[in-house]
Amino acid sequence: MEKKYDPSSFEDRLYAEWEESGCFKAVRDDNKVPFTIVMPPPNITGQLHMGHAMDETLQDVIIRFKRMQGYCALWLPGTDHASIATEVKIVEEMKRENLTKEQLGREGFLKRAWQWKEKYENRICTQIKKLGSSCDWSRLTFTMDEKCSRAVREVFVNLYNKHLIYRGNRIINWCPKCRTTLSDVEVEYAEEDGNLWHIRYFVEGTDEALVVATTRPETMFGDTGVAVNPADPRYKGYIGKNVILPVSGKAIPVVGDEHADMEFGTGVVKITPAHDPNDFEVGLRHGLPVLRVMNDDGTMNAEAGKYEGLDRYECRKRLLKELEEGGYLVKTAPHRHNVGHCYRCNATVEPIISRQWFVKMAPLARPAIAAVTDKKVTFIPERFAKTYYNWMENVKDWCISRQLWWGHRIPVWYCSSCGAEICEKDDPDVCPVCGSAEIRQDEDVLDTWFSSALWPFSTLGYPDDTSDLEYFYPTDVLVTGYDIIFFWVSRMIFSGLEHMRKVPFHDVLMHGLVRDEKGRKMSKSLGNGVDPLKVIEKYGADSLRFSLLQGVAPGNDTRYSDAKVEACSNFMNKIWNASRFVITNAEGNAVKPISEVRLSAADKWIVSRLQSVIRDVTLTLNKFELGVACQILYDFTWSDLCDWYIELSKPALYGGDAAKKEAALSTLVFVLDNTLRLLHPFVPFITDEIYRSLPGAEGTIMLKEFPRYNSKLAYKKDAAAFAGVMDVIREVRAVKAEVGCAPSKKVSLYIVTENKRLISANEDCILKLAGAKEIKFISEASEAGEKTVTKVLHCGTVYIPMGELVDADKERERLQGELENVTAEIRRADGKLNNQGFMSKAPKKLVDEERAKLEKYLAMREKILAQLKNL
RNA sequence: GGGGGCAUAGCUCAGUUGGUCAGAGCGCUUGCUUGACAUGCAAGAGGUCACAGGUUCAAGUCCCGUUGUUCCCACCA
């Protein structure tokens with residue numbers, strides 16, 4: 001082993017080795033139980049960020065754990081074409097070259113997009129590899145691959161035939177900048193300061209006027225009515241009359257509709273059916289015409305008269321001026337309201353009437369809700385099920401058509417001869433109704449999430465009945481961020497149920513966002529993003545992984561900080577050096593299995609501790625509590641193994657007793673081996689690198705068995721007894737530090753104990769670790785002489801002659817303090833034992849424990865009191 | 001308007017069936033070239049677990065309320 005821990009010297013080499021030797025490949029094996037994770041496919045828009053790093057790390061820990069446990073573990077990787085996001089990026093790139101989509105044409109643009117895909121998919125995959133992800137690269141899938149496209153086609157046609165996909169005129173969210181529709185979830189709302197403009201609409205043929213309040217005055221050209229509440233005494237009389245639209249001079253009717261809120265604004269609301277979802281409904285109820293006044297790019301159309309061609313905001317500005325000059329503008333009230341923005345380009349979204357494709361959600365949502373109530377799908381943590389229900393129960397039809405080029409083109413053709421709409425699994429050449437060759441395909445593509453929704457089964461071969469699909473589906477756990485429940489998780493659930501008749505996964509492990517040091521979201525605009533690759537370069541992938549896992553609870557956000565990575569890097573260094581200690585000591589020695597050596601008390605203690613750790617880590621990992629598992633391993637490795645056991649093993653290693661040395665070496669190697677295996681899912685590189693130097697090790701650790709709890713190695717009694725020895729060591733150290741005795745100064749220990757065997761069997765350890773030169777067993781305090789400091793412990797009383805360092809007053813004070821502590825414990829235990837409720841209702845085990853404690857403390861009090869008397 | 005989350009040591013956070021749970025990392029104090037590691041070792045200081053009630057023999061841990069903070073959903077023109 002190299003003396004210094006240098007992750008950059010082995011991480012890439014190990015990954016290449018793993019990949020080349022096929023360690024990541026999952027092939028159906030009917031002698032094994034499958035365990036499947038499909039990777040949430042990163043977008044090919046850019047590069048890995050910390051959120052990805054966390055997502056991949058969580059999945060890798062789980063899949064490595066399961067693989068070591070003997071499952072046929074498949075982690076299926078892939079990337080997402082990310083229709084709108086990618087198209088936006090490519091258009092931006094083209095803009096820098098003074099190119100437009102129109103100039104390239106659809107085919108030219110797609111060619112360019114595929115080039116983009118090659119470049120960025122490679123980049124993303126390289127980055128995922130850097131993290132150590134053990135996914136099966138032979139199965140790498142792209143959402144626009146042939147197989148995914150077939151799945152999309154199959155699903156679309158099936159839903160179409162079941163009338164669950166339909167085309168209709170509805171108010172949709174329109175992004176004027178991307179020039180496409182957006183689904184409801186793709187709109188992000190943000191509070192903005194705006195105005196509520198009050199505008200006077202004169203009643204036809206009179207001098208009277210109704211005053212409407214609006215936040216979007218430019219849409220008034222599309223007003224086809226004005227609504228008042230039928231119960232509103234102020235306006236009841238106007239229902240049925242007409243008002244005259246200012247500027248255009250058009251007469252529109254006043255209708256009575258509950259939609260008009262008497263409390264809000266003036267109580268009169270203009271009705272613009274083509275540009276507002278509520279108005280659309282009102283329009284339907286009253287038979288009002290639907291009049292679009294805006295073009296796809298956010299400019300006004302001919303309906304706006306002289307404002308035609310102006311951008312919506314420029315039109316607003318000029319129109320308001322005209323209204324003011326014409327005396328129509330009554331007032332301008334500041335108004336804070338929520339405005340929808342495009343989740344990709346952040347432009348203000350316009351609700352616009354448009355003919356689009358929709359998925360009918362109600363029939364799909366019902367079984368999807370049931371799957372979660374029936375626990376066929378479990379959210380971790382559970383609370384996210386609520387979020388899911390809330391959305392699913394109120395879900396609206398899903399607008400799936402996008403006016404983009406990059407994506408799955410809608411598989412519908414229109415016949416221009418007979419007007420037929422053709423939707424079939426194979427591309428038609430002629431119209432199946434009239435035989436005309438004059439057919440053309442729908443220009444639009446599908447929402448990118450349409451193909452993502454099929455991911456758990458499209459990647460495994462759907463629509464064919466593949467062996468993989470039969471074996472690996474349903475997948476086991478989906479690991480993803482809570483921000484994506486609506487976009488993706490819920491859609492996979494209803495899609496899996498609809499097309500596979502089975503849930504896509506059993507568990508959904510949610511994680512939070514990785515925020516910056518100050519708790520802010522990492523974002524481009526803030527420039528506070530941290531590049532995982534830079535961190536890996538500096539500290540290694542293992543340190544980054546561990547830092548993303550440690551102290552993280554499922555579903556909770558976490559903060560990234562260099563300091564945390566550094567702390568984890570220190571831990572890696574610790575693992576490295578401890579291993580180096582074990583391996584160099586083992587060199588040249590034939591290390592026997594621990595079953596063939598005679599273990600010392602210390603040996604049994606660490607083996608016992610290891611068993612608890614194996615049990616707890618397995619338990620927590622099975623519950624997906626990776627953060628807790630990390631902490632258990634961290635504490636065990638650093639405190640128990642390094643700070644305690646390695647130090648305890650030194651007297652045996654260097655003491656000259658061959659049998660003891662043999663036992664200690666066996667124990668060290670055994671415990672290190674197990675610890676490395678336990679740690680491997682979390683920190684795969686360092687553990688494998690060290691493992692290769694371990695005596696008797698062969699091949700890679702990633703294919704070795706995950707440690708199993710062995711009750712024969714639990715040594716519960718031995719371990720409990722040894723805790724008494726550790727107690728002596730700890731307390732002697734504390735006393736020495738307290739009285740200012742130099743650590744290098746060896747003290748004598750006079751001990752009164754009924755457990756001489758325990759102490760003398762571990763004499764060498766006590767001497768070395770406590771910094772003592774001798775232990776003498778005595779029967780009375782007086783034998784220790786004067787000027788001693790006393791420590792009353794569970795397993796005996798230790799007297800330490802300290803000569804001039806001892807101050808009688810201080811010693812009395814110290815003992816008095818200890819007496820108080822012990823007395824408090826006695827009071828507590830006594831109180832419990834005298835509590836009828838506790839005695840009758842608490843488990844017997846607890847009562848017994850409390851009783852034993854009380855006895856111990858009572859004995860200790862006696863000894864302290866006696867000592868105080870002696871002073 | 002509806003629904004969540006969070007509130008624990010100076011800072012960042014764990015603490016999942018109520019009973020050694022009052023913890024970790026970083027920071028701080030004191031002392032150490034202790035035959036793997038100063039990326040270290042040892043010993044310490046530091047919290048009435050937001051506030052007020054309730055359930056229970058027993059509550060950071062369950063219930064109710066309050067305050068602060070934060071997120072999601074819906075949305076009034």
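The shown structure was predicted, so the numbers you read here are calculated from the model rather than taken from an experiment. Below, chains carry the letters A, B, ... as their sequence lines are ordered, and counting in each starts from 1. Hydrogens, waters and symmetry mates are skipped; everything else that's a heavy atom, side chains included, is used.
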Donor-acceptor pair, Asn528(A) side chain versus Ser523(A) backbone, under 3.5 Å?
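Here the side-chain-to-backbone pair exists.
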Partners meeting side-chain hydrogen bond (donor to acceptor under 3.5 Å, both in side chains) with Lys736(A) (sequence neighbours left out):
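Counting only residues at least two positions away or on another chain, Lys736(A) forms no side-chain hydrogen bond (donor to acceptor under 3.5 Å, both in side chains).
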Using the [atom1] atom in both, what is the distance from [N] to [M], to the nearest Å?
| N | M | atom1 | result |
| --- | --- | --- | --- |
| rC26(B) | rC72(B) | C1' | 32 Å |
| rG68(B) | rU8(B) | C1' | 16 Å |
| rG60(B) | rU16(B) | C1' | 13 Å |

For RNA chain B, which residues of residues 619-631 of chain A approach it to below 4.0 angstrom with any heavy atom?
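Nucleic-acid contacts, sorted: Glu625(A), Val628(A), Gln631(A).
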Proximity to RNA chain B (any heavy atom under 4.0 Å), residues of residues 725-741 of chain A only
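Heavy-atom contacts with RNA chain B come from Arg730(A), Arg733(A), Ala734(A), Ala737(A).
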Base, sugar-phosphate alone, or nothing: which one does [X] contact when heavy atoms must sit under 4.0 Å apart?
| X | result |
| --- | --- |
| Ala553(A) | sugar-phosphate |
| Trp197(A) | nothing |
| Cys568(A) | nothing |
| Ile271(A) | nothing |

Under a 4.0 Å heavy-atom criterion, the protein footprint on nucleotides 17-23 of chain B, written with B, S and -, is --B----
Which parts of nucleotides 68-77 of chain B does protein reach within less than 4.0 Å, heavy atoms only, written one letter per nucleotide 5' to 3' as B for base, S for sugar-phosphate only and - for none?
----SSBBBB
Aromatic rings Tyr482(A) and Phe384(A): how do their planes relate, parallel, tilted or perpendicular, breaks at 30° and 60°?
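Correct class here is parallel.
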I'd like to check the ring-ring contact (aromatic ring centres under 6.0 Å, His included) partners of [X]; sequence neighbours left out, ordered by chain and number.
| X | value |
| --- | --- |
| Trp644(A) | none |
| Phe581(A) | none |
| Phe280(A) | none |

For RNA chain B, whose closest nucleotide is more 5', that of Arg383(A) or that of Ser579(A)?
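Closest to the 5' end, via its nearest nucleotide, is Arg383(A).
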Which side-chain N or O atoms in residues 646-654 of chain A pair as donor and acceptor under 3.5 Å with protein atoms at least two apart or in another chain?
from, atom 1, to, atom 2, distance (Å)
Glu647(A), OE1, Lys650(A), NZ, 3.3
Glu647(A), OE2, Lys650(A), NZ, 3.1
Ser649(A), OG, Ile646(A), O, 2.7

Pull out every protein N or O sitting under 3.5 Å from an N or O of nucleotides 27-29 of chain B, one pair per line with the distance.
none

Output one line per pair: protein atom, nucleotide atom from nucleotides 8-12 of chain B, and distance, for all N/O pairs under 3.5 Å.
from, atom 1, to, atom 2, distance (Å)
rU12(B), O3', Arg559(A), NE, 3.1

For Asp848(A), all residues meeting side-chain contact (heavy atoms from CB on, under 4.5 Å), sequence neighbours excluded:
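Applying side-chain contact (heavy atoms from CB on, under 4.5 Å) to Asp848(A) gives Lys844(A), Arg851(A).
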With both distances under 3.5 angstrom, what nucleotide forms a Watson-Crick or G-U wobble pair with rC6(B)?
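When the pairing criteria are applied, rG68(B) turns out to be the nucleotide that pairs with rC6(B).
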